[in-house]
> 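Following this message is one structure expressed as structure tokens.
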Amino acid sequence: MKESFNLFNINSVRPIVRKVLRYKKSGSALDLGCGAGRHALFLAKNGFSVIAVDNRTEVLAALKELARLQKLPVMVRRDDAITFSSKRKFDVVLSTMILHFLPYQSQKKAIFTMQEYTKNNGLNVVSNYTNKNKKGTRPHLVRTGVLKKLYEDAGWSILDYEERLGKPISSSSGKIVRYWKEEFIAQKL
């Protein structure tokens with residue numbers, strides 16, 4: 001069965017990703033689980049050269065075409081957030097709203113992958129749904145504070161942290177819902 005994706009929110013950049021510009025004005029970025037690429041495009045428009053990674057070919061094809069049409073430095077790559085490997089490190093590594101689709105041990109592996117491919121003084125941007133949501137909201141809700149602690153225990157500085165109820169959105173059934181999420185920016189020291 002072919003999976004579909006929604007380009008409706010391609011220009012709707014998460015506030016936590018916009019905050020990257022407070023700390024970094026340019027450089028290299030890695031967007032793990034980029035989806036349709038809204039954050040990759042945003043960073044590319046703001047001075048970053050971006051590698052956008054997702055495991056869905058159709059979203060990568062659309063993103064590649066959008067980047068080409070806008071003449072933006074976005075390279076797309078079919079890969080996985082857990083097993084991603086590269087010869088280079090990045091100034092900014094993003095993981096926005098993908099970790100709650102991974103089992104707990106895989107969430108940890110994805111965080112370690114992000115940390116491994118981050119330059120000194122580089123940033124990691126993490127956003128996910130938490131276990132304050134009703135069970136079944138997403139396959140593997142992230143336990144509140146656990147990821148933040150993984151960064152603190154590894155000696156990273158937490159520059160921005162927020163746990164809150166998100167904005168109202170329309171669910172697939174048409175209901176208006178709000179979900180608890182955790183978002184933070186951590187800096188590798």
> Let's go through F184 and D160 carefully: what are the C-alpha distance in whole Å and the side-chain angles of both, what is the deciding distance for side chain to side chain contact (heavy atoms under 4.5 Å, CB included) to 0.1 Å, and is it a yes or a no?
CA-CA 5 Å; F184 62 91; D160 193 295; 5.9 Å; no
> So, do L99 and I111 sit near enough that their side-chain heavy atoms are less than 4.5 Å apart?
yes
> With a 4.5 Å limit on heavy-atom distance, are the side chains of N131 and T144 in contact?
yes
> Test side chain to side chain contact (heavy atoms under 4.5 Å, CB included) on L41 and L63; report intermediate values, then the result.
CA-CA 8 Å; L41 294 169; L63 175 55; 3.7 Å; yes
> Using side-chain heavy atoms (C-beta onward) and a distance below 4.5 Å, is S127 in contact with E182?
no
> Looking at side-chain heavy atoms only, is the closest gap between R38 and R14 below 4.5 Å?
yes
> What distance do H39 atom NE2 and F48 atom CZ have between them, rounded to the nearest 0.5 Å?
13.5 Å
> For the CD1 atom of I169 and the NZ atom of K167, what is their distance to the nearest 0.5 Å?
11.5 Å
> Measuring from Q107:CD to I98:CD1, what's the distance to the nearest 0.5 Å?
10.0 Å
> Any non-hydrogen side-chain atom of L43 less than 4.5 Å from a side-chain atom of D31?
no
> Go through W156 and T118 one step at a time and tell me if the side chain to side chain contact (heavy atoms under 4.5 Å, CB included) criterion holds.
CA-CA 11 Å; W156 289 56; T118 304; 3.8 Å; yes
> Closest heavy-atom contact between A186 and I158?
CB-CD1, 3.9 Å
> Should the heavy atoms of other residues, nucleotides or ligands under 6.0 Å from NZ of K109 be counted, would the total exceed 12?
no
> Determine whether a donor-acceptor pair (N or O, by modelled atom type, separation under 3.5 Å) exists between the side chain of E183 and the backbone of I16.
no
> Quick check: does any side chain N or O of K25 sit under 3.5 Å from a backbone N or O of L21, one acting as donor and the other as acceptor?
yes
> Would you kindly confirm whether L141 and L165 end up in one hydrophobic cluster when ILVMFWY residues are joined by side chain heavy atoms under 4.5 Å apart?
no
> Are F84 and L123 in one and the same hydrophobic cluster, where Ile, Leu, Val, Met, Phe, Trp and Tyr link if side-chain heavy atoms are under 4.5 Å apart?
no
> Does a salt bridge link E162 with R164, judged by any charged N lying under 4.0 Å from a carboxylate O?
yes
> Please examine the side chains of H140 and F101, heavy atoms only from C-beta on, and report whether any two atoms are closer than 4.5 Å.
no
> Test of understanding: clusters of I, L, V, M, F, W, Y form through side-chain heavy atoms closer than 4.5 Å, transitively. Do M97 and V126 belong to the same one?
no
> About how many Å separate OG1 of T137 and NZ of K181, when rounded to the nearest 0.5 Å?
13.5 Å
> Once rounded to the nearest 0.5 Å, what's the spacing between atom CG of N55 and atom SG of C34?
9.5 Å
> Taking all non-hydrogen atoms of both residues, which atom of V74 and which atom of A52 are closest, and how far apart?
CG1-CB, 4.1 Å
> Side-chain donor-acceptor pair under 3.5 Å between Y151 and Q115, yes or no?
no
> Please check if Y23 and V50 belong to a single hydrophobic cluster, counting links between Ile, Leu, Val, Met, Phe, Trp and Tyr side chain heavy atoms closer than 4.5 Å.
yes
> Can you confirm whether the side chains of T130 and R143 place a donor and an acceptor under 3.5 Å from each other?
no
> So, N133 side chain and W180 main chain: donor-acceptor pair closer than 3.5 Å or not?
yes
> Show me the pairs that pass salt bridge (Lys or Arg N to Asp or Glu O under 4.0 Å) and involve residues 123-137, at least two apart or across chains.
K132-E163
> For residues M114 and L94, report the shortest heavy-atom separation together with the two atoms involved.
CE-C, 4.0 Å
> Decide if atom NZ of K64 counts as having more than 12 heavy atoms of other residues, nucleotides or ligands within a radius under 6.0 Å.
no
> Could you give me the CA-CA distance, side-chain angles and deciding distance for N120 and L189, then say whether side chain to side chain contact (heavy atoms under 4.5 Å, CB included) is met?
CA-CA 6 Å; N120 287 337; L189 302 176; over 6 Å; no
> Are K119 and F90 in a cation-pi setup, meaning NZ or CZ lies under 6.0 angstrom from the ring centre and within 45 degrees of the ring axis?
no
> So, using side-chain hydrogen bond (donor to acceptor under 3.5 Å, both in side chains) as the criterion, who are the partners of D91 when residues are at least two apart?
S28
> What is the minimum heavy-atom distance between I176 and P168, and which atoms define it?
CG2-CB, 3.6 Å
> What is the minimum heavy-atom distance between S86 and R77, and which atoms define it?
CB-NH1, 4.5 Å
> May I ask you to test the V92-L30 pair for a side-chain heavy-atom distance under 4.5 Å?
no
> Quick check on the 6.0 Å ring-centre criterion: do Y179 and Y129 meet it?
yes
> Mind checking salt bridge (Lys or Arg N to Asp or Glu O under 4.0 Å) for R88 and listing every partner two or more places apart, or none if nothing turns up?
none
> Looking at side-chain heavy atoms only, is the closest gap between L102 and I82 below 4.5 Å?
yes
> Can you tell me how far the CG atom of L159 sits from the NZ atom of K19, to the nearest 0.5 Å?
11.0 Å
> Over all heavy atoms of both residues, which pair between G33 and D54 is shortest? Give the atoms and the distance, please.
C-OD2, 3.5 Å
> Is V59 reachable from F42 through a run of I, L, V, M, F, W or Y residues, each pair having side-chain heavy atoms under 4.5 Å apart?
yes
> Is the closest side-chain donor-acceptor distance between N124 and S95 under 3.5 Å?
no
> Does this structure show an ion pair linking R68 with E65, if we count only N-O contacts that are shorter than 4.0 Å?
yes
